[in-house]
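Below: one structure, written as structure tokens.
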Amino acid sequence: MGSRVGTVERKSKETHIKAKLDIDGRGDRCEIKTGIGFLDHMIELFAFHGLFDLELEVIKSDTQIDIHHTNEDIGIVLGKVFKQALNDKAGIRRFGSAGAPMEATIARAIIDISGRGYFRLNIENDTVIQAGEKQEYSLSYLEHFMESFSHSMGCTLSITLQNVSDDVHTNVEAAFKAVGLALDQATQVDPRREGIVPSTKGIID
Ligand SMILES: [Mn+2]
């Protein structure tokens with residue numbers, strides 16, 4: 001198996017973002033500088049628990065407006081760099097599912113590196129959630145980030161949040177951890193599948 005690394009640089013009128021990834025990393029060799037402190041924390045723990053070595057730098061952004069474009073574009077770049085590092089996807093497990101609890105909140109992520117971009121966030125809650133208006137991040141930003149990621153990577157990703165907290169940090173952190181764990185599984189090489197693209201179609205593009 002060759003090295004599974006990727007380098008992406010994306011420039012638009014709104015943002016300029018660079019990323020470098022080694023899928024077969026250790027998770028503790030990451031440098032995340034998005035300019036959004038909360039998102040740095042989320043991406044760092046996603047990479048740590050996924051055992052990915054990731055460098056991500058937002059060189060230019062328009063956060064003077066808000067974090068909408070930057071949040072979306074980081075998701076796009078992250079998806080692109082994974083897609084690049086996985087190359088033709090030969091030998092990978094393709095599917096992964098994992099859960100992460102945080103206090104009463106449980107996040108579950110199910111992923112299929114299918115080549116088709118689709119994302120769904122399911123929220124299962126007994127009580128109505130109060131929107132954390134004072135907080136800079138939200139579940140709708142999480143949804144937008146993961147949707148951008150799934151589409152640019154070409155994966156089907158479903159996240160379910162149970163017992164959602166009124167603390168955005170708790171909900172989003174559990175979700176990022178679960179996605180890191182599930183993506184680690186899905187990107188692992190199964191020795192029984194050596195050199196075989198895990199699809200009955202023969203390709204995953
Ligand atoms: Mn935290």
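Just so you know, residue 1 is the first one in the sequence shown, and it goes up from there. Keep in mind that what you see is a predicted model, and the values were worked out from it rather than measured. Atoms within a ligand are numbered from 1 in the order they appear, just like the ligands themselves.
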Between Phe82 and Phe52, what is the ring plane arrangement, given parallel below 30°, perpendicular above 60°, and tilted in between? perpendicular
Just checking, any donor-acceptor pair under 3.5 angstrom between side chains of Arg93 and Gln185? no
Side chains of Val58 and Ile74: does their closest heavy-atom pair fall under 4.5 Å? yes
What orientation do Phe145 and Phe176 show, parallel under 30°, tilted 30 to 60°, or perpendicular over 60°? tilted
With His16 as reference, evaluate Lys60, Arg10, Glu9 under the side chain to side chain donor-acceptor pair (under 3.5 Å) test and give the passing residue. Glu9
Just wondering, do Ile159 and Arg108 contact through their side chains at under 4.5 Å, heavy atoms? no
How many protein N, O or S atoms are found at a distance of less than 2.8 Å from the Mn ion (ligand 1)? 3
